[in-house]
Amino acid sequence: MTRTSTRPEAPAAILTPPAALGVIGGGQLGRMFIQAAQRMGFDAGVLAATSETPAAQVASWHVVGLPDHLPALRSFASRAQAITVEFENVSAAAIRWCAQSRPTRPGWRTLWITQNRLREKRFLARHAIPHAPWRPVCNTAELETAIAQLGSPVILKTADSGYDGKGQIRVETLDQARAGYRALGNVPCVAEGWVEFAAELSTVVARGSDGQAVAYPVALNQHSRHILDSTVSPAPVGPIVALEARTLALAIAQALEAVGVLTVEFFLTRDGRLLVNEIAPRPHNSGHLTIEASECSQFEQQVRALAGLPLGSSALVSPAAMVNLLGDLWIEAGGKPDWAAALGADPAVSLHLYGKRTPAPGRKMGHLTVLDPDADRALARALEARRALSRRST
Ligand code: ATP
Ligand code: MG
């Protein structure tokens with residue numbers, strides 16, 4: 001393959017176990033990537049901020065450091081034969097640097113677009129992919145225009161580094177918008193029209209370097225305080241919506257030339273239209289249930305795509321539900337959730353804990369998954385098991 005200065009890319013080679021695969025980022029997504037890679041016999045490591053992070057705890061090797069610190073990145077890239085990321089907020093420059101010597105997936109362009117809401121919205125508009133009405137807000141004049149044109153309410157979102165609803169404010173009046181924009185630090189933002197959605201859906205796709213791609217069944221997501229609370233798959237939507245969600249997600253992956261796993265979040269409007277909310281160029285919280293519920297999990301797909309191996313099947317072996325375990329639960333349970341009660345009440349519950357030592361409100365500590373031929377019942381059972389965690393015996 002020829003190397004150009006604009007699209008530097010290492011030659012695509014198939015890596016087989018026990019090759020060393022590396023993930024940038026030490027959170028739970030990195031941890032589950034590493035676990036999937038290890039199961040397949042790869043030598044899986046991480047570049048993480050500390051050796052206590054969820055991913056570093058389970059990795060076969062780790063480098064402590066940040067991706068924009070060249071010595072750390074160099075040491076990481078000297079060990080990893082191929083590189084992926086667990087979050088999108090890695091500098092595109094660092095990814096380009098890695099890609100000069102190692103297959104690096106997703107590539108810098110995919111990250112560059114999806115790590116910034118302004119670029120992501122422009123990408124959606126350019127490709128005529130349906131999304132909520134929005135305006136760029138980089139100063140107060142643009143803020144006034146946005147409020148005048150979008151109506152009320154509006155949600156202001158910082159262009160960079162938002163997750164789990166952080167960096168977002170819902171505003172109803174121009175005064176609130178001015179105050180909200182100040183509270184967000186007067187940084188570049190996107191103003192989005194409020195969507196009165198009927199449901200939130202997501203589709204995880206995996207795409208190989210040869211352009212082959214698979215989409216998982218569309219999932220139904222419930223958020224609480226802007227944080228994902230539960231996922232049910234398949235979503236109880238009609239075949240047309242289900243097909244359209246998968247088609248849009250695959251089209252987005254193709255337009256981004258994304259290699260690896262990518263997730264598209266949607267709003268389903270009351271009149272049955274799908275609007276793309278956002279794109280995550282990586283496995284997603286709503287795909288965690290694929291570990292038990294799919295023939296090949298989203299994390300194994302990430303491993304396969306990174307290694308250049310054929311993708312696995314995205315078919316569900318059973319309908320399933322996942323509920324998140326946030327730090328709040330530890331607080332409600334006096335610091336000690338009742339694991340025995342939750343697991344004892346329902347032997348089909350799968351427990352995942354991420355090894356985080358300090359619970360905090362809103363912090364994702366783990367999740368529960370339940371498979372059941374009836375997706376609604378899977379959710380009811382998962383919720384019941386979660387309730388048992390903090391139902392203190394007296
Ligand atoms: P995450 O990374 O966890 O997906 P995020 O911080 O990137 O979250 P968004 O997905 O943009 O943020 O928003 C979080 C949630 O807030 C959405 O899932 C939805 O419930 C609500 N929300 C966001 N934008 C809108 C909107 N325009 N209209 C109605 N609700 C919205
Ligand atoms: Mg989101």
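Treat the numbers as computed from the prediction; the structure is a model and nothing was measured. Numbering of ligands and ligand atoms starts at 1, following listing order.
Residue H288 is tested with H352, Q28, Q298 for a side-chain hydrogen bond (donor to acceptor under 3.5 Å, both in side chains); the sole match is Q298.
Neither the backbone nor the side chain of E196 has any atom closer than 4.0 Å to an atom of ligand 1 (non-hydrogen atoms only). Proximity of R170 to ligand 1, defined as any heavy-atom pair under 4.0 Å, is not found for any part of the residue. Proximity of I155 to ligand 1, defined as any heavy-atom pair under 4.0 Å, is confined to the side chain (atoms from C-beta onward). Neither the backbone nor the side chain of N285 has any atom closer than 4.0 Å to an atom of ligand 1 (non-hydrogen atoms only).
The contact set between ligand 1 and E265, taken as ligand atoms under 4.0 Å from a residue heavy atom, comprises 4 (O), 10 (O). Within ligand 1, the atoms closer than 4.0 Å to a non-hydrogen atom of F197 are 29 (C), 30 (N), numbered from 1 in the order shown. Residue-ligand proximity, G193 to ligand 1, at heavy-atom distances under 4.0 Å covers atoms 27 (N).
An N or O contact shorter than 3.5 Å is missing between K364 and ligand 1 by distance. The shortest N or O to N or O distance between W194 and ligand 1 is not below 3.5 Å.
Atom CD of E144 has more than 12 heavy atoms from other residues, nucleotides or ligands within 6.0 Å. Few gaps surround CH2 on W97; more than 12 heavy atoms of other groups in view lie less than 6.0 Å from it.
Taking both residues in full, the closest heavy atoms of S51 and V64 are given as N-CG2, 3.9 Å, listed atom of the first, atom of the second, then distance. Across I34 and A55, no two heavy atoms sit closer than the pair CD1-O, 3.8 Å.
When the heavy atoms of R117, E278, Q222 are ranked by distance to atom 4 (O) of ligand 1, first place goes to E278. When H284, R225, E200, H223 are ranked by how near their heavy atoms come to atom 20 (O) of ligand 1, first place goes to E200. Heavy-atom proximity to atom 23 (C) of ligand 1, evaluated over H226, K157, H131, is greatest for K157.
Side chain of Q57 to backbone of G355: a donor-acceptor contact under 3.5 angstrom is found.
With sequence neighbours excluded, no residue forms a ring-ring contact (aromatic ring centres under 6.0 Å, His included) with W194.
Under the 4.0 angstrom criterion for non-hydrogen atoms, L228 is not in contact with ligand 1.
Using a 4.0 Å cut-off between a side-chain N of Lys or Arg and a carboxylate O of Asp or Glu, R391 and D338 do not qualify as a salt bridge. Ion pairing between K121 and E192 holds under the 4.0 Å rule for side-chain N and carboxylate O.
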